[in-house]
Each structure stands twice: as structure tokens, then as C-alpha cells.
There are 2 protein chains.
Amino acid sequence: MADVAARAGVSLKTVSRVVNDAPYVQPELAERVLAAVAELGFRRNHLASSLRSGQATATIGLLIEEIANPFYATIAGTAAEIARQRDTMLIIASSEEDPVREQQLLRDLCARRVDGLLIVPAGSPGGSDHSFLRAEVELGTPAVFLDRPAGNLRADTVLLDNRGGAREGVRGLVAASHRRIAVLLDSIGVHTMRERLDGAQDALVEAGAPYDERLVRDGVRDPAAARRVVAELLERPDPPTAFFSLNNRITLGVVEELYRRRSDAALLAFDDFELARLVPYPLTVIAYDTRAMARTATELLFRRIDGDRSWPRTVTLPTELVERGLR
Amino acid sequence: MADVAARAGVSLKTVSRVVNDAPYVQPELAERVLAAVAELGFRRNHLASSLRSGQATATIGLLIEEIANPFYATIAGTAAEIARQRDTMLIIASSEEDPVREQQLLRDLCARRVDGLLIVPAGSPGGSDHSFLRAEVELGTPAVFLDRPAGNLRADTVLLDNRGGAREGVRGLVAASHRRIAVLLDSIGVHTMRERLDGAQDALVEAGAPYDERLVRDGVRDPAAARRVVAELLERPDPPTAFFSLNNRITLGVVEELYRRRSDAALLAFDDFELARLVPYPLTVIAYDTRAMARTATELLFRRIDGDRSWPRTVTLPTELVERGLR
DNA sequence: CTGAAAGCGCTAACAC
DNA sequence: GTGTTAGCGCTTTCAG
């Protein structure tokens, strides 16, 4: 910057003004500065600038499980889009469901002085403890939680109506006279899974239907496991007449096995997915608007960054039942 | 840091040493410093640190079209994973296929003094001009290009064998006696699309098959458009007996229309996709390893960051033919 | 092994 | 309108 100033025959501060589009600079001087900038290939150091000016690194941090997962990719895309409108960059960090890693990454993000944090908590057993963020939040790094609530921290949170959605879906099955409904889930340690299971039970209890624990299968980690569980359940003496899959990876396996067996069991699935309409099995999907969730959270975050100090709020977004699959 | 030093009764520099795990600090002093750090809730300012120490922001920039697209999400995930092993954060920016925006974002990333750049060029007509990066690269910000070549810049590049893959796939169709092969593509302006089309023509020319321009349809932007084009082509007096879809969004539409009509046309498709095995139509897919591509590029980038000044190289990764779909 | 001083590149606060 | 001075939080350099 000093070089530019020398070359343009002005002071360092004037260069700073020009580079930052500050008002009250003579056009003539500005032009000379711009010329010098071009000649010298000068590029402003954003780090130094935000070091001096206190906050405003024009960067927000997003902490998720893993970027490659389409659900998180959608969240990241939405957050990036909104951030872009404010000339803010997005740093994405993946916790891979590890609370220790999550905490490290969050601390690192704070050390980089991001303007705010968007967090999908790692959902492993016990959940993560986010109390260490309290200090950061008070020091001016707001945090908004997405999809899952924070652990031990009062903060803005945007959730889906997992319980309500599951309840409504299972009510549909019950109304179609299903009583033996198998439920397949990934991990009961994850908040969303617990909520969805609770919703299913709500509907069953309401209907006075028996709740058979043997029909609930936890630990279904991938499509292959789902196929095995479906096969096993269907070979029982009193097989379920309906399946409720609590996430879309499980749904893939369930569909494949039901299709293979030309089963006529009903299928209810949490999470919509691209291609759901092309799947060779009729199913009812509990869909939601991932982008709306991410948008809400990101807007909430920017409101905080802009100085909103009101009481933290929790927003719950609705789900919707949709018919999918080829019939 | 000064506060911590005061509290621990040491100099500022000693705090710096302790915080950075530097050797040659008396354990006793270190302990006092750590205690003070904990009491005061001190957190090192990463920005200030890398401002003074020259480079090493432990951040790399990734420029892609859009994060929400699974292809780019996979690239981002792989890059983030490798970066993590080096305690490096990843800033992701989306160009949305706009070369102007691309350039802005790249400049901004440089202004943030990222240690290196991973770039999937915006593929719009004419391609982008990356010559403005030459200065940055020379100033020590290495760049590696992915999936598409750079415009007017010699740099490390990792590509897929688009042409070879398409050639091999179409050879298969030709060997199965197909002569009227329709080709559907998104935009001829994108490098990968041109290469794929060239590969198809290679195979046709080899076989002495007629090349019918009316069977090549550019501008098929989404699945709905693909459906319309398929419908129209099938209603011609001499309909194609095979379809070659140049990307997976197009493939979705083609599958849907062929399935709907219970057609027996052969389908060849560039890009594998999750759920391809569940698609209700037999198809041959030209698959490739996106993660390998991203891994290769990211490793190349870190080698540059570590000081490799050898001649830029271009790596081309192979594709593979795979049978998919329900038969 | 530890500390004092200088300064990374920039901007806030003020004087001119 | 423009320049000067100080200093953001840290690390480098070099003296002890």
C-alpha cells in the first residue's frame, strides 16, 4: 500500500480510501491511485484490514456432519447464497459426527474470527455439549443451530417438526388399517431420530394400536443393512404390513428389498429425495423444505451479526406428506 | 495476550511460545501460562498470527459452480477431508457458471490470502479467462484446476477422460448394431460436453456410421426438457434406436420418458448416480471416480503449497462402463 | 531459555 | 478533502 501511495504521489490513507470506495476523494487522485494499483498489481490484504477494524471478517462458519451428503450440501448451498448477497464467504467444516472434532473445529472457526456460526450439532450418543460457546457468543460471535438443538446452550435454533411429521404419516398408515408397522432407524442417539420415533408412537397410542418393540430396529446404518432387516422381518410368522423408514438412506434399501420381493407392504419414509418419483415402488414421503430451514437459520444469523440482541428463539418448520414412486 | 502475560507474570513472547507449542519453555512457566489462558478465556487470533508470519493462513479456497450439486458436493467433501488432515480450513465459493462472478470470488479469495486455490472453471460460452491469476500464482498462491481446463493459464489440471469414455460407450452401441443414436447435451459451451460429443463422433466415424446432426440436441437444460426431446425424437418417422445422454440430469428425463413409453431403445449415459441401480430402465453408464479426481487435485495443490515448483502437469483420469438399472 | 523492540498491512482518530 | 500518528494481536529478530 505504501508503494502504491508513493507511486501515485499521495498518502497511504488516501490509497486506503480509494481502495475502500470511501467518499470524499478527488476523482483525479482516485484515478492516479487506481492506475498505481493496476501497475503494481496491488491487492488489498483482507486479513490485515479486519484485524485493524475490529470485527467484520466477512466470513461465516458452517459446521455440519459431512459436505458430501446431499442434505448438508443443500444447507451449505443455501447458506452460501445468502452469504454471497452480503459479500460474505463461507467456511465449511465437517464434524463427521464426532463431538470432539466438532468442538475443535468450532474453536478454530472462532480463532479465525468468523462473524457468526451456523451449526448442525454432531448427534452422537449423549449429544454434544455446546456450553463452551457461551463465552464466544457473549464476545460477539453469534451462533445459530440447525436441524438439531444445541446442548447446554440457549441459542437460536431452527428445527423441523420431526415428531409432528412422523405422527401424521403414521396416522395415515393406521387409517389404512395397518397395525403391524415396522420402524427402521439409524441411531436413536440422534435427536431427529428420537423425535420421529416418538411421533410414530404418538399415532399408535392414539389409535390404541399395540406397540411392538420387536418391530422397531435401531442401528440400521446403510441401505444394505436395511435390506437385511426388511428380509428378516418379512420372514417372521407375522410380518409387518407396513414399513416406516426414518431416513432416506434406509429408504433406498427398503425399497430395493420390497421391490425385489414384489411385496405389497405399505412404505412410509421420512425425507424426500431426488429420484423418489422414479423409484419402482409406491411410497409416502414425509417431505420438508431443507432450503427454507437453511434460509431461516442464515437470516437469523445475519440479524444477530447486525446487532440483534433479542431473546434467542426457536423456529419449527412444518413437514408435508407426499405420494412418490411408480405405481 | 498481554493480559495473559501479566497474569502469568511472564512476557508476551513466552505466552506466544506456549500457545504455539514452541520448544524450550520451562514446564513451570508453561503451566502458569496455560492456567492464565484458561482463567481469562484467551483465544489466539489466527488472523493476526498469519498477518505477521507472512503466509500460512491454513485455508484453501474451492471455487465451484454450486455446492448443492452432488458432483461438486463430493469434490468439496473430499477436498475438506484432505485439508483437515493438514489442519486447513476450506472456503467454498460458488460461481453459478458466471465468469465475472468467478473472477470476483477468486480475487476475494486471494485477498483473504488463502494458501491455495482449487478451481472448477465456469464453463459458459467462451470459457473463462484465468490469466489474471498468473500474478497471484507467481506471488505464491498456487492454483489447481479440476474437471475443466483453465483458460489462458498454464497450471496443474486434473481432468476426466471424457472423450475416451464417450468413445468407448458409443462403440458398445455400435457393436450392438445401433446406427441411429440420439445425443442429448446441456450446453456445447462447456468443455466436458464438447469432449463427450467428440468422443461419440469418434466412435461413429470409426464404424463408418452416418453422423446425423438432427439427432444431436444441444440446450437440454433439465429433466423436463429431456423428456420433451425424447418424445419428439421417438415420434419421428425414423426414430433413434439408442440414446446417449451426456449428463445425469438429462438421464433422469430420458429414463422417465423411455420407461413411460415402454420403449426398447438402448440408453447410454455419462455420469453414474446414486440410485442408478434402482432406475426402472436398463442403461449403461459411463462412470468415473469423482473422489479420486478431487483427491488428486487436492494433493497436487498441497504439494505446490509445500513448495513444489516443478512444471505444471495435467492428469487425466479414466472412466469405466457400468451396467445399471432394473432389467 | 526468556524478553524487548520492531513491524506484518491496514484503518481509526484526529489534525491540517 | 487529505495526511499523520498510533495501534489491531501477533511473531520475528536479536539481545540477554
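Per chain, numbering begins at 1; letters A, B, ... match sequence-line order. Source: prediction; values computed, not measured.
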Would you please test B:Arg112 and B:Asp108 for salt bridge (Lys or Arg N to Asp or Glu O under 4.0 Å) and show each step? CA-CA 6 Å; B:Arg112 283 156 196 269; B:Asp108 190 352; 2.9 Å; yes
Using chain A heavy atoms and a threshold of under 4.0 Å, write down where along DNA chain D the contacts begin and end, 5' to 3'. D:dG1 to D:dG9
Can you pull out how bent the helix from C:dC1-D:dG16 to C:dC16-D:dG1 is, comparing the axes over its first five and last five pairs, to 10°? 30°
Output yes when B:Arg86 and B:Asp306 qualify as a salt bridge under the 4.0 Å nitrogen-oxygen rule, no when they do not. yes
If you measure from the Lys or Arg side-chain nitrogens to the Asp or Glu carboxylate oxygens, is any gap between A:Arg84 and B:Glu66 under 4.0 Å? no
Determine, for nucleotides 7-16 of chain C in 5'-to-3' order, which nucleotides have protein heavy atoms under 4.0 Å from the base (write B), from only the sugar-phosphate (write S), or from neither (write -). BBBBBBB---
Any donor-acceptor pair under 3.5 Å linking the side chain of B:Thr57 with the backbone of B:Arg113? yes
A:Arg44 side chain to A:Ser49 side chain, donor-acceptor N/O pair below 3.5 angstrom: yes
Using distance alone, with no hydrogens and no angle criterion, decide if A:Ser94 and A:Glu65 have a side-chain donor and acceptor under 3.5 Å apart. no
Would you tabulate the side-chain donor-acceptor contacts of residues 295-302 of chain A under 3.5 Å, counting partners in other chains and residues two or more places apart, or write 'none'?
{"residue": "A:Thr296", "atom": "OG1", "partner": "A:Ala292", "partner atom": "O", "Å": "2.6"}
{"residue": "A:Thr298", "atom": "OG1", "partner": "A:Ala294", "partner atom": "O", "Å": "2.7"}

Ignoring hydrogens, what is the shortest heavy-atom contact between B:Thr316 and B:Leu160? Give both atom names and the distance. CG2-C, 3.8 Å
Across all chains, not counting sequence neighbours, the salt bridge (Lys or Arg N to Asp or Glu O under 4.0 Å) partners of B:Arg291 are B:Glu81
State which residues pass ring-ring contact (aromatic ring centres under 6.0 Å, His included) with B:Phe145; sequence neighbours excluded, sorted by chain then number. B:His130
